[in-house]
Amino acid sequence: MERSYSNFMNIGILGGGQLGRMLGLAGYPLGFRFRCFDTTPDAVAGHVMPLTVGSFDDLEALQAFAEGLDVLTYEFENVPTWAVEFLATHVNVHPSPLALSISQDRIEEKTFFQSMGVPTALFLPVNTREELDTAVDQLGMPCVIKTCRLGYDGKGQFVIRSRDDAEAAWQTLQGNPLILEQYVTFDRELSIIAVRSTTGDKKFYSLVQNFHEGGILRKTLAPASNVSAALQQQAEDFADMAMHGLEYSGVLAIEFFQVGEKLVVNEMAPRVHNSGHWTIEGACTSQFENHLRAICGLPLGNTRVQGSVGMINLIGSVPALEKIMSEPCCQNEKVSIHLYGKEPKPGRKIGHVTIVSAHDEKRDEIMRQIG
(Lines give C-alpha, C1' and ligand atoms only; values in the text may rest on other atoms or scores of the structure.)
Protein backbone atom coordinates (compact mmCIF):
# COMPACT_ATOMS: atom_id res chain seq x y z
CA MET A 1 0.00 0.00 0.00
CA GLU A 2 1.37 3.43 -0.94
CA ARG A 3 1.87 5.72 2.05
CA SER A 4 2.25 9.48 2.08
CA TYR A 5 5.55 10.70 3.46
CA SER A 6 3.71 13.43 5.36
CA ASN A 7 2.05 10.85 7.59
CA PHE A 8 5.43 10.10 9.14
CA MET A 9 6.70 13.62 9.61
CA ASN A 10 8.68 14.36 12.76
CA ILE A 11 7.52 17.60 14.35
CA GLY A 12 9.43 19.49 17.02
CA ILE A 13 7.74 21.92 19.41
CA LEU A 14 9.55 24.66 21.31
CA GLY A 15 7.76 24.89 24.65
CA GLY A 16 6.18 22.11 26.62
CA GLY A 17 3.00 23.68 27.99
CA GLN A 18 -0.62 22.75 27.44
CA LEU A 19 -0.63 24.12 23.89
CA GLY A 20 2.19 21.77 22.93
CA ARG A 21 0.36 18.96 24.68
CA MET A 22 -2.81 19.63 22.66
CA LEU A 23 -0.84 19.87 19.42
CA GLY A 24 0.49 16.38 20.06
CA LEU A 25 -2.93 14.99 20.91
CA ALA A 26 -4.32 16.47 17.68
CA GLY A 27 -1.48 15.15 15.55
CA TYR A 28 -1.10 11.57 16.70
CA PRO A 29 -4.27 10.39 14.89
CA LEU A 30 -2.70 11.75 11.69
CA GLY A 31 0.43 9.66 12.20
CA PHE A 32 2.74 12.55 13.12
CA ARG A 33 5.56 12.05 15.59
CA PHE A 34 6.45 14.69 18.15
CA ARG A 35 9.06 15.83 20.59
CA CYS A 36 9.25 19.05 22.58
CA PHE A 37 11.98 21.26 24.09
CA ASP A 38 11.41 23.07 27.37
CA THR A 39 13.44 24.53 30.20
CA THR A 40 11.56 22.66 32.94
CA PRO A 41 11.42 18.89 33.57
CA ASP A 42 7.74 18.97 34.62
CA ALA A 43 6.48 20.52 31.35
CA VAL A 44 3.06 18.94 30.75
CA ALA A 45 3.59 18.24 27.03
CA GLY A 46 6.16 15.74 28.28
CA HIS A 47 3.25 13.58 29.46
CA VAL A 48 2.37 12.79 25.84
CA MET A 49 5.66 13.13 23.89
CA PRO A 50 9.42 12.90 24.45
CA LEU A 51 10.68 15.97 26.31
CA THR A 52 14.14 17.47 25.99
CA VAL A 53 15.03 19.69 28.93
CA GLY A 54 17.57 22.40 28.22
CA SER A 55 18.33 26.08 27.90
CA PHE A 56 17.50 28.16 24.86
CA ASP A 57 21.01 29.56 25.24
CA ASP A 58 22.52 26.11 24.59
CA LEU A 59 23.12 25.97 20.84
CA GLU A 60 24.43 22.42 20.96
CA ALA A 61 21.28 21.23 22.74
CA LEU A 62 19.07 23.05 20.23
CA GLN A 63 20.95 21.62 17.28
CA ALA A 64 20.71 18.11 18.72
CA PHE A 65 16.97 18.59 19.28
CA ALA A 66 16.49 19.65 15.64
CA GLU A 67 18.32 16.61 14.28
CA GLY A 68 15.93 14.49 12.20
CA LEU A 69 12.99 16.90 12.43
CA ASP A 70 10.96 17.67 9.31
CA VAL A 71 9.43 20.84 10.72
CA LEU A 72 9.62 22.85 13.94
CA THR A 73 7.02 25.10 15.54
CA TYR A 74 6.57 26.88 18.88
CA GLU A 75 3.73 26.98 21.38
CA PHE A 76 4.58 30.25 23.14
CA GLU A 77 6.01 33.52 21.85
CA ASN A 78 8.64 34.17 24.51
CA VAL A 79 11.14 31.84 22.88
CA PRO A 80 14.29 33.92 22.17
CA THR A 81 14.12 35.02 18.54
CA TRP A 82 17.81 34.38 17.94
CA ALA A 83 17.34 30.75 19.06
CA VAL A 84 14.56 30.26 16.49
CA GLU A 85 16.65 31.96 13.80
CA PHE A 86 19.50 29.57 14.62
CA LEU A 87 17.19 26.58 14.40
CA ALA A 88 15.83 27.83 11.07
CA THR A 89 19.27 27.17 9.57
CA HIS A 90 18.83 23.47 10.44
CA VAL A 91 15.11 22.77 9.96
CA ASN A 92 11.97 24.37 8.48
CA VAL A 93 10.43 26.64 11.14
CA HIS A 94 6.80 27.77 11.04
CA PRO A 95 5.53 30.35 11.82
CA SER A 96 8.42 32.47 10.59
CA PRO A 97 11.02 33.97 12.96
CA LEU A 98 9.82 37.37 11.67
CA ALA A 99 6.33 36.76 13.07
CA LEU A 100 7.81 35.72 16.40
CA SER A 101 10.05 38.79 16.56
CA ILE A 102 7.27 41.29 15.82
CA SER A 103 4.84 39.66 18.25
CA GLN A 104 7.37 39.88 21.10
CA ASP A 105 7.43 43.68 21.13
CA ARG A 106 4.20 45.63 21.52
CA ILE A 107 5.58 48.72 19.79
CA GLU A 108 6.80 46.71 16.79
CA GLU A 109 3.49 44.86 16.67
CA LYS A 110 1.34 47.99 16.64
CA THR A 111 3.68 49.67 14.16
CA PHE A 112 3.35 46.62 11.90
CA PHE A 113 -0.45 46.73 11.92
CA GLN A 114 -0.58 50.50 11.44
CA SER A 115 1.79 50.21 8.44
CA MET A 116 -0.95 48.20 6.71
CA GLY A 117 -3.70 50.63 7.66
CA VAL A 118 -5.08 48.34 10.38
CA PRO A 119 -6.33 50.38 13.36
CA THR A 120 -4.80 49.99 16.82
CA ALA A 121 -4.98 52.07 19.98
CA LEU A 122 -2.87 55.23 19.84
CA PHE A 123 0.42 54.62 21.63
CA LEU A 124 3.72 56.19 22.65
CA PRO A 125 7.01 54.61 23.80
CA VAL A 126 8.05 55.36 27.37
CA ASN A 127 11.60 55.02 28.69
CA THR A 128 11.84 57.69 31.41
CA ARG A 129 9.60 59.14 34.11
CA GLU A 130 9.47 62.41 32.18
CA GLU A 131 8.40 60.59 29.02
CA LEU A 132 5.60 58.92 30.98
CA ASP A 133 4.23 62.29 32.13
CA THR A 134 4.45 63.70 28.61
CA ALA A 135 2.77 60.63 27.10
CA VAL A 136 -0.06 60.74 29.66
CA ASP A 137 -0.63 64.41 28.78
CA GLN A 138 -0.75 63.58 25.07
CA LEU A 139 -2.98 60.50 25.23
CA GLY A 140 -5.09 61.56 28.20
CA MET A 141 -6.50 59.48 31.03
CA PRO A 142 -7.51 56.74 31.35
CA CYS A 143 -4.63 55.08 29.52
CA VAL A 144 -2.78 51.78 29.85
CA ILE A 145 0.93 51.32 30.50
CA LYS A 146 2.50 47.98 29.59
CA THR A 147 5.89 46.38 29.32
CA CYS A 148 6.87 46.11 25.67
CA ARG A 149 7.96 42.52 26.13
CA LEU A 150 7.09 39.38 28.12
CA GLY A 151 3.78 40.49 29.63
CA TYR A 152 0.81 38.09 29.38
CA ASP A 153 -2.47 37.33 31.17
CA GLY A 154 -2.59 40.88 32.52
CA LYS A 155 0.94 40.80 33.92
CA GLY A 156 3.16 43.83 33.38
CA GLN A 157 0.36 46.33 32.76
CA PHE A 158 -1.64 48.92 34.67
CA VAL A 159 -4.56 51.22 33.90
CA ILE A 160 -3.68 54.83 34.72
CA ARG A 161 -6.61 56.92 35.87
CA SER A 162 -4.71 59.45 37.99
CA ARG A 163 -1.22 60.86 38.56
CA ASP A 164 -0.92 58.60 41.59
CA ASP A 165 -1.61 55.59 39.35
CA ALA A 166 1.14 56.75 37.01
CA GLU A 167 3.65 56.97 39.84
CA ALA A 168 2.70 53.55 41.24
CA ALA A 169 2.96 51.95 37.78
CA TRP A 170 6.34 53.57 37.19
CA GLN A 171 7.69 52.29 40.51
CA THR A 172 6.68 48.76 39.52
CA LEU A 173 7.63 48.74 35.82
CA GLN A 174 10.63 51.08 35.55
CA GLY A 175 13.74 49.55 34.08
CA ASN A 176 11.76 47.86 31.29
CA PRO A 177 10.99 49.29 27.84
CA LEU A 178 7.39 50.49 28.17
CA ILE A 179 4.48 51.48 25.97
CA LEU A 180 1.59 53.77 26.90
CA GLU A 181 -1.64 53.07 25.05
CA GLN A 182 -4.77 55.16 24.81
CA TYR A 183 -7.64 53.42 26.62
CA VAL A 184 -10.13 52.06 24.09
CA THR A 185 -13.75 52.30 25.17
CA PHE A 186 -15.05 49.17 23.49
CA ASP A 187 -18.37 47.40 23.15
CA ARG A 188 -16.87 43.92 23.59
CA GLU A 189 -13.73 41.86 23.06
CA LEU A 190 -13.60 39.61 20.01
CA SER A 191 -10.93 37.43 18.43
CA ILE A 192 -10.36 35.47 15.27
CA ILE A 193 -8.32 32.36 14.60
CA ALA A 194 -6.83 32.35 11.11
CA VAL A 195 -4.67 29.69 9.48
CA ARG A 196 -2.43 29.75 6.42
CA SER A 197 -0.63 26.78 4.91
CA THR A 198 2.87 26.64 3.45
CA THR A 199 1.02 26.18 0.14
CA GLY A 200 -0.75 29.55 0.54
CA ASP A 201 -4.13 27.99 1.35
CA LYS A 202 -5.93 29.88 4.12
CA LYS A 203 -9.04 29.61 6.23
CA PHE A 204 -10.71 31.59 9.01
CA TYR A 205 -12.81 30.62 12.01
CA SER A 206 -15.84 32.65 13.10
CA LEU A 207 -15.29 35.65 15.32
CA VAL A 208 -15.75 34.72 18.97
CA GLN A 209 -16.51 36.81 22.04
CA ASN A 210 -14.08 36.69 24.96
CA PHE A 211 -14.55 37.60 28.60
CA HIS A 212 -11.55 38.48 30.76
CA GLU A 213 -11.14 38.94 34.50
CA GLY A 214 -7.93 40.26 35.97
CA GLY A 215 -6.34 40.13 32.54
CA ILE A 216 -6.97 36.38 32.19
CA LEU A 217 -9.35 34.89 29.64
CA ARG A 218 -12.23 33.30 31.56
CA LYS A 219 -14.67 32.24 28.84
CA THR A 220 -15.28 32.32 25.11
CA LEU A 221 -18.55 32.11 23.16
CA ALA A 222 -18.52 30.81 19.60
CA PRO A 223 -19.71 32.14 17.34
CA ALA A 224 -20.00 35.66 18.74
CA SER A 225 -23.59 36.85 18.59
CA ASN A 226 -24.81 39.57 16.24
CA VAL A 227 -21.75 39.58 14.01
CA SER A 228 -22.53 41.08 10.63
CA ALA A 229 -21.02 39.69 7.47
CA ALA A 230 -19.12 42.98 7.14
CA LEU A 231 -17.59 42.66 10.61
CA GLN A 232 -16.50 39.05 9.97
CA GLN A 233 -15.01 40.12 6.65
CA GLN A 234 -13.18 43.00 8.33
CA ALA A 235 -11.56 40.57 10.78
CA GLU A 236 -10.61 38.17 8.00
CA ASP A 237 -9.12 40.99 5.91
CA PHE A 238 -6.96 42.19 8.82
CA ALA A 239 -5.77 38.65 9.55
CA ASP A 240 -5.10 38.03 5.86
CA MET A 241 -2.99 41.18 5.58
CA ALA A 242 -0.99 40.19 8.65
CA MET A 243 -0.34 36.66 7.39
CA HIS A 244 0.72 37.95 3.99
CA GLY A 245 3.03 40.57 5.50
CA LEU A 246 4.67 38.01 7.78
CA GLU A 247 5.01 35.29 5.10
CA TYR A 248 3.06 33.25 7.61
CA SER A 249 2.36 29.54 7.94
CA GLY A 250 0.31 28.12 10.83
CA VAL A 251 -2.41 29.42 13.13
CA LEU A 252 -2.51 33.14 13.91
CA ALA A 253 -4.77 34.57 16.62
CA ILE A 254 -5.75 38.25 16.66
CA GLU A 255 -7.62 39.88 19.55
CA PHE A 256 -9.82 42.87 18.78
CA PHE A 257 -11.80 45.54 20.52
CA GLN A 258 -15.16 46.06 18.82
CA VAL A 259 -16.16 49.71 18.66
CA GLY A 260 -19.48 50.01 16.86
CA GLU A 261 -19.00 48.21 13.55
CA LYS A 262 -15.25 48.74 13.58
CA LEU A 263 -12.47 46.50 14.89
CA VAL A 264 -9.37 47.78 16.66
CA VAL A 265 -6.47 45.33 16.97
CA ASN A 266 -5.35 44.72 20.53
CA GLU A 267 -2.65 42.11 19.96
CA MET A 268 -1.74 39.01 17.99
CA ALA A 269 -0.31 35.63 18.93
CA PRO A 270 1.69 33.66 16.33
CA ARG A 271 0.52 30.27 17.60
CA VAL A 272 -2.50 28.27 18.65
CA HIS A 273 -4.40 30.32 21.22
CA ASN A 274 -6.57 29.99 24.31
CA SER A 275 -9.49 31.71 22.58
CA GLY A 276 -9.46 28.87 20.03
CA HIS A 277 -9.64 25.95 22.47
CA TRP A 278 -13.37 25.65 21.75
CA THR A 279 -12.50 24.36 18.26
CA ILE A 280 -11.48 20.92 19.57
CA GLU A 281 -15.12 19.84 19.93
CA GLY A 282 -16.86 22.92 18.54
CA ALA A 283 -15.49 23.13 15.01
CA CYS A 284 -15.21 20.64 12.17
CA THR A 285 -11.41 20.87 12.45
CA SER A 286 -9.63 22.11 15.57
CA GLN A 287 -7.11 24.94 15.53
CA PHE A 288 -4.49 22.41 16.65
CA GLU A 289 -5.05 20.04 13.74
CA ASN A 290 -5.20 22.91 11.27
CA HIS A 291 -1.94 24.33 12.61
CA LEU A 292 -0.26 20.99 11.96
CA ARG A 293 -1.84 20.67 8.53
CA ALA A 294 -0.65 24.17 7.69
CA ILE A 295 3.00 23.78 8.72
CA CYS A 296 3.18 20.39 6.96
CA GLY A 297 1.67 21.67 3.71
CA LEU A 298 -1.46 19.52 3.93
CA PRO A 299 -4.96 20.67 2.88
CA LEU A 300 -6.64 22.72 5.60
CA GLY A 301 -9.74 21.41 7.35
CA ASN A 302 -13.24 22.87 7.52
CA THR A 303 -13.48 25.64 10.16
CA ARG A 304 -17.29 25.67 10.50
CA VAL A 305 -18.74 26.01 14.03
CA GLN A 306 -20.78 22.96 15.01
CA GLY A 307 -23.57 24.46 17.08
CA SER A 308 -23.58 26.94 19.93
CA VAL A 309 -20.24 26.62 21.71
CA GLY A 310 -18.85 27.89 24.99
CA MET A 311 -15.41 27.46 26.56
CA ILE A 312 -14.59 28.07 30.22
CA ASN A 313 -11.04 28.23 31.51
CA LEU A 314 -10.37 26.44 34.77
CA ILE A 315 -8.19 28.85 36.74
CA GLY A 316 -6.41 27.74 39.90
CA SER A 317 -8.67 24.80 40.77
CA VAL A 318 -11.09 22.26 39.30
CA PRO A 319 -14.80 22.59 40.20
CA ALA A 320 -17.02 19.57 40.92
CA LEU A 321 -17.54 18.69 37.29
CA GLU A 322 -19.01 15.23 37.94
CA LYS A 323 -22.27 16.70 39.22
CA ILE A 324 -22.48 19.20 36.38
CA MET A 325 -22.09 16.50 33.74
CA SER A 326 -24.91 14.45 35.26
CA GLU A 327 -27.43 17.32 35.34
CA PRO A 328 -30.54 16.75 33.16
CA CYS A 329 -29.80 19.84 31.08
CA CYS A 330 -26.49 18.28 30.02
CA GLN A 331 -27.92 15.03 28.73
CA ASN A 332 -28.49 16.29 25.20
CA GLU A 333 -25.41 18.51 25.11
CA LYS A 334 -21.73 17.69 24.72
CA VAL A 335 -19.66 18.71 27.76
CA SER A 336 -15.93 18.02 27.40
CA ILE A 337 -13.30 18.42 30.10
CA HIS A 338 -9.64 19.05 29.33
CA LEU A 339 -7.24 18.91 32.25
CA TYR A 340 -3.62 19.74 31.49
CA GLY A 341 -1.88 17.72 34.20
CA LYS A 342 -0.78 20.84 36.07
CA GLU A 343 -0.71 21.24 39.82
CA PRO A 344 -3.42 23.66 41.02
CA LYS A 345 -2.04 27.12 41.74
CA PRO A 346 -3.76 30.53 42.07
CA GLY A 347 -4.05 32.24 38.70
CA ARG A 348 -2.84 29.17 36.81
CA LYS A 349 -4.71 27.77 33.79
CA ILE A 350 -5.07 24.10 34.66
CA GLY A 351 -7.75 23.10 32.19
CA HIS A 352 -10.85 24.09 30.29
CA VAL A 353 -14.38 22.87 29.67
CA THR A 354 -16.16 23.08 26.32
CA ILE A 355 -19.94 22.96 25.92
CA VAL A 356 -21.51 22.29 22.52
CA SER A 357 -25.27 22.71 22.25
CA ALA A 358 -27.90 23.25 19.62
CA HIS A 359 -29.14 26.33 21.50
CA ASP A 360 -27.50 29.37 23.07
CA GLU A 361 -29.83 29.14 26.08
CA LYS A 362 -28.81 25.57 26.94
CA ARG A 363 -25.15 26.39 26.48
CA ASP A 364 -25.41 29.45 28.72
CA GLU A 365 -27.30 27.50 31.40
CA ILE A 366 -24.54 24.91 31.63
CA MET A 367 -21.85 27.57 31.66
CA ARG A 368 -23.55 29.29 34.61
CA GLN A 369 -23.54 25.99 36.52
CA ILE A 370 -19.82 25.52 35.93
CA GLY A 371 -19.12 29.11 36.98
Note to self: To the closest 0.5 Å, what do you measure between OG (S228) and CD (Q234)?
What the structure shows: 8.0 Å
Checklist line | Heavy-atom neighbours of E343 CD exceed 12 at 6.0 Å | finding: no
Margin query: Hydrophobic cluster membership, with links at side-chain heavy-atom distances under 4.5 Å among I/L/V/M/F/W/Y: are F34 and L298 in one?
Written below: yes
Note to self: Could you check whether any side-chain heavy atom of V144 comes within less than 4.5 Å of a side-chain heavy atom of L180, counting everything from C-beta outward?
What the structure shows: no
Notebook entry, point to check: Is I193 reachable from V195 through a run of I, L, V, M, F, W or Y residues, each pair having side-chain heavy atoms under 4.5 Å apart?
Noted result: yes
Notebook entry, point to check: Once you round to the nearest 0.5 Å, how far does CG of L98 lie from OG of S103?
Noted result: 9.5 Å
Item checked: P299 backbone acceptor or donor facing R293 side chain under 3.5 Å -> yes
Checklist line | Flag for E67-Q63: side-chain donor and acceptor within less than 3.5 Å | finding: no
Next item on the list: Determine the minimum heavy-atom distance between V305 and A222, stating which atoms define it.
Entry: CG1-O, 4.1 Å
Margin query: Would you call the rings of F56 and F37 parallel, tilted or perpendicular, taking 30° and 60° as the class edges?
Written below: tilted
Next item on the list: Indicate yes or no for a side-chain donor-acceptor contact from Q306 to the backbone of A283 under 3.5 Å, with no hydrogens or angles considered.
Entry: yes
Checklist line | Over 12 foreign heavy atoms within 6.0 Å of NE2, H90 | finding: yes
Notebook entry, point to check: Does the side chain of T285 come within less than 4.5 Å of T279's, by heavy atoms?
Noted result: no
Check: Say you draw a straight line from CG of N274 to CD1 of I216; how long is it, rounded to the nearest 0.5 Å?
Finding: 10.0 Å
Notebook entry, point to check: Does the side chain of S191 come under 3.5 Å of the side chain of N210 through a donor N or O and an acceptor N or O?
Noted result: yes
Checklist line | Flag for S275-E255: side-chain donor and acceptor within less than 3.5 Å | finding: no
Next item on the list: Report yes if some heavy atom in the side chain of Q138 is under 4.5 Å from a heavy atom in the side chain of L124; otherwise report no.
Entry: yes
Notebook entry, point to check: Is the closest side-chain heavy-atom distance between M241 and V118 below 4.5 Å?
Noted result: yes
Next item on the list: State, with a plain yes or no, whether a side-chain heavy atom of T40 is found less than 4.5 Å away from one of V53.
Entry: no
Item checked: Side chains of Y340 and H352, donor plus acceptor under 3.5 Å -> yes
Check: Side-chain heavy atoms under 4.5 angstrom apart, residues restricted to Ile, Leu, Val, Met, Phe, Trp, Tyr: same cluster for I13 and F288?
Finding: yes
Margin query: For the residue pair R271 and Y74, would you count it as a cation-pi contact if the rule is NZ or CZ under 6.0 angstrom from the ring centre and within 45 degrees of the ring axis?
Written below: no
Next item on the list: Please examine the side chains of T185 and V259, heavy atoms only from C-beta on, and report whether any two atoms are closer than 4.5 Å.
Entry: no
Checklist line | Heavy atoms from other residues, nucleotides or ligands near CD of E108 exceed 12 (cutoff 6.0 Å) | finding: yes
Checklist line | Salt bridge E267-K110, side-chain N to carboxylate O under 4.0 Å | finding: no
Notebook entry, point to check: Would you say the side-chain atoms of T120 and Q114 include a donor-acceptor pair closer than 3.5 Å?
Noted result: yes
Check: Hey, are the side chains of I11 and L23 touching, using non-hydrogen atoms and a 4.5 Å cut-off?
Finding: no
Check: Hey, any chance M243 and V251 share a hydrophobic cluster, counting ILVMFWY side chains that come within less than 4.5 Å of each other, even indirectly?
Finding: no
Check: Between I295 and V71, which heavy-atom pair has the shortest distance, and what is it?
Finding: O-CG2, 3.8 Å
Note to self: Would the distance check show the side chain of Y205 and the main-chain N or O of S286 forming a donor-acceptor pair, the cut-off being under 3.5 Å?
What the structure shows: yes
Notebook entry, point to check: Which atom names give the shortest non-hydrogen contact between I107 and C148, and what distance separates them?
Noted result: CD1-SG, 3.6 Å
Notebook entry, point to check: Where the side chain of Y28 meets the backbone of V48, is there a donor-acceptor pair that is under 3.5 Å apart?
Noted result: yes
Check: With a 4.5 Å heavy-atom cut-off, do V208 and L221 have their side chains touching?
Finding: no
Checklist line | Shortest non-hydrogen contact between F76 and L100, atoms and distance | finding: O-CD1, 4.5 Å
Note to self: Quick one about E333 and S357 (side-chain donor to acceptor, distance below 3.5 Å, no hydrogens or angles considered), yes or no?
What the structure shows: yes
Margin query: Just checking H212: does its NE2 atom have more than 12 heavy atoms from other residues, nucleotides or ligands closer to it than 6.0 angstrom?
Written below: yes
Item checked: Closest non-hydrogen atom pair, P29 against A26 -> CD-O, 3.5 Å
Next item on the list: Could you give me the CA-CA distance, side-chain angles and deciding distance for D105 and K146, then say whether salt bridge (Lys or Arg N to Asp or Glu O under 4.0 Å) is met?
Entry: CA-CA 11 Å; D105 188 289; K146 303 175 180 178; over 6 Å; no
Note to self: Please tell me whether H277 and Q18 have a donor and an acceptor in their side chains that are separated by less than 3.5 angstrom.
What the structure shows: no
Check: For the residue pair L300 and K203, what are the closest heavy atoms and their distance?
Finding: O-CE, 3.5 Å
Next item on the list: May I ask whether I102 and V265 are part of the same hydrophobic cluster, defined by side-chain heavy atoms of I, L, V, M, F, W, Y residues being less than 4.5 angstrom apart, directly or through others?
Entry: yes
Notebook entry, point to check: Okay, side chain of N313, backbone of L217: is any donor-acceptor separation there less than 3.5 Å?
Noted result: yes
Next item on the list: Verify whether one side chain among S308 and R363 offers a donor that lies under 3.5 Å from an acceptor in the other.
Entry: yes
Item checked: Ring-face cation of R196 near F204 (centre distance under 6.0 Å, axis angle within 45°) -> no
Margin query: For E130, run the side chain to side chain contact (heavy atoms under 4.5 Å, CB included) check against N127, T128, D133 and tell me which one passes.
Written below: T128
Check: Any sub-3.5 Å donor-acceptor pair from D38's side-chain atoms to G16's backbone N or O?
Finding: yes
Item checked: L314 CG to S317 OG distance, which is reported to the nearest 0.5 Å -> 8.0 Å
Note to self: Could you check whether any side-chain N or O of H273 sits under 3.5 Å from a backbone N or O of A253, counting only pairs where one atom can act as donor and the other as acceptor?
What the structure shows: no
Notebook entry, point to check: Passes side-chain contact (heavy atoms from CB on, under 4.5 Å), Q157 versus R106? Steps please.
Noted result: CA-CA 12 Å; Q157 58 184 271; R106 286 189 168 95; 3.9 Å; yes
Margin query: For the backbone of G17 and the side chain of E75, can you confirm whether one donor and one acceptor N or O come within less than 3.5 Å of each other?
Written below: yes
Check: Is D165 reaching over with its side chain to a backbone N or O of R161, donor-acceptor style, under 3.5 angstrom?
Finding: yes
Checklist line | Distance in Å, N78 CG paired with L14 CG, rounded so as to fall on 0.5 Å steps | finding: 12.5 Å
Checklist line | R35 bridged to D70 by N-O distance under 4.0 Å | finding: no
Notebook entry, point to check: Distance-only, no hydrogens or angles: does the S206 side chain make a donor-acceptor pair with backbone N or O of P223 under 3.5 Å?
Noted result: no
Item checked: Member of L263, N266, I254, T220 meeting the side chain to side chain contact (heavy atoms under 4.5 Å, CB included) criterion with L190 -> L263
Next item on the list: Determine whether more than 12 heavy atoms belonging to other residues, nucleotides or ligands lie under 6.0 Å from atom CD of Q171.
Entry: yes
Next item on the list: Test H338 against T354 for side-chain hydrogen bond (donor to acceptor under 3.5 Å, both in side chains), laying out the working first.
Entry: CA-CA 8 Å; H338 297 262; T354 303; 4.7 Å; no
Notebook entry, point to check: Between E281 and K334, does a salt bridge (Lys or Arg N to Asp or Glu O under 4.0 Å) hold up when you go through it step by step?
Noted result: CA-CA 8 Å; E281 289 85 22; K334 182 175 178 61; 5.7 Å; no
Checklist line | Distance, nearest 0.5 Å, that separates CG of L339 from CD1 of I350 | finding: 7.0 Å
